[in-house]
Amino acid sequence: MAPITSLKKLERLKAFLGFCKARGWVKENRAVFLKTPKTMFAPTLPFDAGEWEKILWATEVFPIKGIYGEFNRTRLKAFVMLLRYTGLRIRDAVMLKREHLDIEDKKKMYQEKTGTPVWIPVPHELAKLIDEVWRRNKDRDYFFWSGLGNAKSAVGDWQRTLRKLHGLAGVKGHAHMYRDTFAVDLLQKGVPIETVSILLGHSSIRITEKHYSPWVKSRQDNLETQIRKIWISS
């Protein structure tokens, strides 16, 4: 198993045996003596500007298949832009409902992952595409899912579509990289990491810092300032 998988399994084992001990089913939790595996998290790598342009181009020439016909390209472009400009996880994007979007304003996306309502303004082009998708699917509750079958299967279908899209664009990537691109873009433009953490729906700012601290512009600027002072004084 990969180190991160081992870590998760060990956490579950400790929690389960802790529960058993609390219930009196076992005398002690022997799992607490097991050493935690060393894990190395891969660095967060967003799409760069060139890759994003290739992805948008690929939506325009994506093969026309299925019940949507040529409209499938509009639908696909709306989906990737939704991921890129809102930071939604792919499951949340697939299960996006009309109530999560201010249709009248056509500018704001509603998120409430941590119990706090958040309105995220979106680019005009994305708002327009979302409106087109909505007008074609007014009889459905969801924008990018029929609502039939299993939600997990719907997410799997979109993941396969994204893989085909990335292959067509000649870009290596996966669905979560759109979320990373959203976060990194904000951080590099000076948006506080506390704000980005709220927008991503993280339960703790520590989670945000673990994945995105190298991209915080204010910290990088401060580091450069401090180093320059050292060279000047020496």
Side-chain angles (χ1 to χ4, degrees), residues 1-48 51 55 79-80 82-84 86-96 111-116 145 149-167 169-188 192-216 219-220 223:
M1 288 181 287
I4 187 63
T5 304
S6 299
L7 177 62
K8 293 297 181 182
K9 287 184 177 291
L10 181 56
E11 288 176 351
R12 296 190 189 102
L13 178 62
K14 289 180 178 179
F16 173 70
L17 291 179
F19 172 80
C20 292
K21 181 181 178 182
R23 288 300 184 97
W25 298 343
V26 295
K27 292 183 178 180
E28 59 181 314
N29 183 354
R30 295 289 183 91
V32 297
F33 300 107
L34 295 175
K35 292 183 178 180
T36 301
K38 294 182 179 180
T39 56
M40 294 292 289
F41 290 96
T44 299
L45 296 175
F47 291 117
D48 61 33
E51 290 172 329
I55 290 171
F79 189 75
V80 296
L82 177 68
L83 294 174
R84 162 64 180 85
T86 66
L88 286 172
R89 296 177 177 85
I90 186 170
R91 181 181 175 86
D92 295 331
V94 171
M95 301 190 70
L96 183 70
Q111 294 189 68
E112 191 176 8
K113 297 176 184 175
T114 58
T116 304
W145 178 38
N150 188 288
K152 184 176 181 181
S153 297
V155 172
D157 290 340
W158 272 107
Q159 287 175 327
R160 285 188 289 274
T161 297
L162 290 179
R163 283 196 291 271
K164 293 178 182 178
L165 178 69
H166 296 158
V171 171
K172 291 184 179 181
H174 49 79
H176 200 81
M177 285 181 67
Y178 293 93
R179 181 171 166 85
D180 292 336
T181 305
F182 168 76
V184 170
D185 186 37
L186 294 178
L187 291 169
Q188 289 188 321
I193 194 169
E194 294 81 5
T195 301
V196 175
S197 182
I198 293 172
L199 294 175
L200 292 175
H202 287 163
S203 58
S204 168
I205 193 173
R206 289 185 178 182
I207 298 174
T208 316
E209 289 177 334
K210 181 174 71 174
H211 294 286
Y212 301 107
S213 58
W215 301 96
V216 178
R219 294 182 183 180
Q220 183 61 39
L223 279 172

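Computed from heavy atoms alone, side chains included, the values below leave out hydrogens, waters and symmetry copies.
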Engineer: Look at the side chain of Gln188 and the backbone N and O of Asp185, then say whether any donor-acceptor pair between them is shorter than 3.5 Å.
Structural biologist: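 Such a contact is absent between Gln188 side chain and Asp185 backbone.
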
Engineer: Taking side chain as C-beta onward, heavy atoms only, is Ile55 less than 4.5 Å from Tyr178?
Structural biologist: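 Heavy-atom side-chain distance check passes, below 4.5 Å.
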
Engineer: Could you tell me whether the side chain of Glu28 reaches within less than 4.5 Å of the side chain of Leu17, counting heavy atoms only?
Structural biologist: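 No - every pair of side-chain heavy atoms lies 4.5 Å or more apart.
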
Engineer: Go through Trp145 and Val155 one step at a time and tell me if the side chain to side chain contact (heavy atoms under 4.5 Å, CB included) criterion holds.
Structural biologist: CA-CA 9 Å; Trp145 178 38; Val155 172; over 6 Å; no

Engineer: Heavy-atom distance under 4.5 Å between the side chains of Ile205 and Ile193, does that happen here?
Structural biologist: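 The answer is yes, as the side chains (C-beta and beyond) meet within the 4.5 Å cut-off.
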
Engineer: Just to verify, which of Arg84, Arg89, His211 counts as forming a side-chain contact (heavy atoms from CB on, under 4.5 Å) with Arg179?
Structural biologist: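 The option that passes is Arg89.
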
Engineer: Pair Phe182, Leu83 - check side chain to side chain contact (heavy atoms under 4.5 Å, CB included), show working.
Structural biologist: CA-CA 8 Å; Phe182 168 76; Leu83 294 174; over 6 Å; no

Engineer: Between the main-chain N or O of Gly173 and the side-chain N or O of His166, is there a donor-acceptor pair closer than 3.5 Å?
Structural biologist: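 It does hold such a pair.
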
Engineer: Nearest 0.5 Å please: distance from the CZ atom of Arg30 over to the NZ atom of Lys21.
Structural biologist: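 Taking CZ in Arg30 and NZ in Lys21, the distance rounds to 11.0 Å.
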
Engineer: Measuring only between side-chain heavy atoms, which start at C-beta, is Pro46 closer than 4.5 Å to Trp215?
Structural biologist: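 Yes, close enough: below the 4.5 Å cut-off.
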
Engineer: Between the main-chain N or O of Leu82 and the side-chain N or O of Thr86, is there a donor-acceptor pair closer than 3.5 Å?
Structural biologist: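 Here the side-chain-to-backbone pair exists.
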
Engineer: Check whether any side-chain heavy atom of Lys14 lies under 4.5 Å from a side-chain heavy atom of Thr36, and answer yes or no.
Structural biologist: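 When only atoms from C-beta onward are counted, Thr36 and Lys14 do touch, with a gap below 4.5 Å.
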
Engineer: Would you say the side chain of Leu13 lies within less than 4.5 Å of the side chain of Leu34, judging by non-hydrogen atoms?
Structural biologist: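 Sidechains of Leu13 and Leu34: in contact.
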
Engineer: NZ/Lys210 to OG/Ser204 distance, rounded to the nearest 0.5 angstrom?
Structural biologist: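 Lys210 atom NZ to Ser204 atom OG measures 10.0 Å (nearest 0.5 Å).
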
Engineer: Do Tyr212 and Val196 touch side chain to side chain, with heavy atoms closer than 4.5 Å?
Structural biologist: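 Tyr212 does not reach Val196 side chain to side chain.
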
Engineer: State the CD-OG distance between Glu209 and Ser197, to the nearest 0.5 angstrom.
Structural biologist: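 Result: 8.0 Å between the selected atoms.
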
Engineer: Under the criterion side chain to side chain contact (heavy atoms under 4.5 Å, CB included), I'd like the reasoning laid out for Leu199 against Leu186: C-alpha separation, chi angles, the key distance, then a yes or no.
Structural biologist: CA-CA 10 Å; Leu199 294 175; Leu186 294 178; 3.8 Å; yes

Engineer: Would the His174 and Phe47 ring centres measure less than 6.0 Å apart?
Structural biologist: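 No, too far apart.
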
Engineer: Can you check whether Phe79 reaches Ile90 side chain to side chain, under 4.5 Å on heavy atoms?
Structural biologist: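 When only atoms from C-beta onward are counted, Ile90 and Phe79 do touch, with a gap below 4.5 Å.
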
Engineer: For the residue pair Leu162 and Ala175, what are the closest heavy atoms and their distance?
Structural biologist: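 Minimum heavy-atom separation between Leu162 and Ala175: CD1-CB, 3.8 Å.
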
